[in-house]
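All remarks here apply to the structure that follows.
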2 protein chains.
Amino acid sequence: MTTETVPLDRRQRRRLETIEEVLDHAVEIMAEEGVAGLSLGEIARRMGIRPPSLYVYFPSKHALYDALFARGWRELLAAMRAHDDVAQSEQAGGAELNDLMLRYARVFVRWAVEHPAYAQLLFWRPVPGFRPSDEAYAPAVELYDFGLARLARLQELGLVRPDVEAVHVQRDWTVLLSGVVSQQLANGPDESFDTGRFTTALPDLVAMFADRYGQPTRTRASRKPTPSRRGHADQR
Amino acid sequence: MTTETVPLDRRQRRRLETIEEVLDHAVEIMAEEGVAGLSLGEIARRMGIRPPSLYVYFPSKHALYDALFARGWRELLAAMRAHDDVAQSEQAGGAELNDLMLRYARVFVRWAVEHPAYAQLLFWRPVPGFRPSDEAYAPAVELYDFGLARLARLQELGLVRPDVEAVHVQRDWTVLLSGVVSQQLANGPDESFDTGRFTTALPDLVAMFADRYGQPTRTRASRKPTPSRRGHADQR
DNA sequence: GTCTATATGACGATAGAC
DNA sequence: GTCTATCGTCATATAGAC
């Protein structure tokens, strides 16, 4: 929107590069020590400078968190936009709600568990006094609107039942995604997306969602939630 | 289990009381400043003592977090046991799965949002180097087993479909609950349980759950997810 | 046993020299 | 822009009075 189109001089380019370097190190440290474990001293140490020098680029530690918050949402937003499916409308006729939502959920949850530092910062409130600024919050709102518009589009296409409001469906949907991410990061932070105890529950959870909010006529009768794979002997 | 039955002398009684007082102040401070914002100095200040005196009762700050972690799970476990419904089996014949699970969910989520400090400590990982000890984790396991046994009982009673494993259902159930708690605490920490943007979604979410895992024959045909209450003018 | 007094090192942050 | 020097606060730890 208000992005500067005037060419940046060397001074400003170098400055932005340094800022990005600071943020890169910050994300790395947060991934290792936890979001609240981030320290300016450690950033400076890894960059080969002294802590006070960081104040040239960020007026406070909270400002740094703010930049990280904004960058995290922007990256996640970019990942979801890159996925893009419904907007292209190619799937309109053939695909079913369950498949569309599962693909969307997989992209979202995969990004979250593979970026645990960002995920904690974006979805929880781990930093004592920190509240994101309105500017930093903007891409979060943008992603919310993106998901909402997607659901509304699916409703227009007849894949989501028409007798519920999209915001209503969106609310339940975000609960599902945030539940998977929270449970996985809190209880199995070292498990991969493909083998996680909770990420692997996505097909069932999305099916649960699609059974409720999909169009009854179009939703297939797949009521069985992947019953007892690798059945035990004591299970009859 | 291993609770000491030998009567405690005054010395030990006083010591335990002091420990409880420390924990009370700690919970209060965490609620105000966030879990990672807890400081021994602030606890000592509010108790009218000096910080080093706290080391008489807790060998480190992590030990204090450990005690808080254990106490939080014990309190939540007690709240869920006090609720108690299926164990008493009075509801066996009359009640439906949706109602039983909704009541259970309401007790759980209400406790979590009304004890945000505990909730953050128990469900997230906000403290950089802290990992709960096995002893502190025990009541968490106990609550998990409690919920699992409850689901198994509901399965025996014919309220939960028999073709899925209880652990499977339990996993999806915890995702639902943790999703509501996470979303509510992260996005509306100051909203009450009764008016929260996400806590009020519980009926729909539990219905979604019950539709999938309840016995088809017994689950009523309540497929409509409370459509558009307080309809707007622009909504036709 | 419990307390006060005190020391250490890390942290975020600011002022000012260069 | 980067540095040194410095401040106040924090967790941690030890010494010693009572």
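Each chain gets a letter, A, B and so on, in the order its sequence line appears, and its residues count up from 1.
Among dA11(D), dT2(C), dA13(C), the nucleotide with an atom closest to any side-chain atom of Tyr55(A) is dA13(C). When the nucleotides dT14(D), dC3(C), dA11(D) are ranked by their closest atom to the side chain of Pro52(B), dT14(D) comes out on top. Ranking dG1(D), dA11(D), dT2(C) by closeness to the Arg15(A) side chain, first place goes to dG1(D). Closest contact between the side chain of Tyr57(A) and the listed nucleotides dT4(D), dC11(C), dG1(D) involves dG1(D). Of the candidate nucleotides dC10(D), dA11(D), dA13(C), dA13(C) has the atom nearest to the side chain of Ser60(A). For Lys61(A), counting side-chain heavy atoms from C-beta on, the closest listed nucleotide (dA13(C), dA11(D), dT2(C)) is dA13(C).
Note on Ser53(A): a side-chain N or O is less than 4.0 Å away from OP1 or OP2 of dC3(D). For dA5(C), the OP1/OP2 oxygens have no side-chain nitrogen or oxygen of Arg50(B) closer than 4.0 Å. The phosphate of dC11(C) has OP1 or OP2 within less than 4.0 Å of a side-chain N or O from Ser39(A).
Under the 30°/60° scheme for interplanar angles, the aromatic rings of Tyr65(A) and Phe130(A) are found to be tilted.
Across all strands, Leu64(B) comes closer than 4.0 Å to no nucleic acid atom at all (heavy-atom distances). Using a 4.0 Å heavy-atom cutoff across all strands shown, Arg45(A) reaches sugar-phosphate atoms only and no base atom.
Summarising the geometry, the separation between CD on Glu21(B) and C1' on dT2(C) is reported as 15 Å, rounded to the nearest angstrom. Counting to the nearest Å, the C1' atom of dT2(D) and the CZ atom of Arg11(A) are 13 Å from each other. Leu16(B) has its CG atom 11 Å from the P atom of dT2(C), to the nearest Å. One atom, CZ of Phe58(A), and another, P of dA13(C), lie 13 Å apart when rounded to the nearest Å. In this structure, the CG atom of Leu54(A) is 14 Å from the C1' atom of dT14(C), given to the nearest Å. The distance between atom OH of Tyr65(A) and atom P of dA13(C), rounded to the nearest whole Å, is 10 Å. The separation between Leu40(A) atom CG and dA13(C) atom P is 6 Å, rounded to whole Å. The CG atom of Asp9(A) sits 10 Å away from the P atom of dG1(D) (whole-angstrom rounding).
Looking at Arg197(B), its side chain does come within 3.5 Å of a backbone N or O of Asn187(B) through a donor-acceptor pair.
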Test side chain to side chain donor-acceptor pair (under 3.5 Å) on Tyr118(B) and Arg71(B) and set out the steps.
-> CA-CA 9 Å; Tyr118(B) 274 135; Arg71(B) 194 165 88 151; 3.0 Å; yes

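Between Phe108(A) and Leu76(A), some side-chain heavy-atom pair lies under the 4.5 Å cut-off.
Between Arg81(A) atom CZ and Phe146(A) atom CZ the span is 6.5 Å, to the nearest 0.5 Å.
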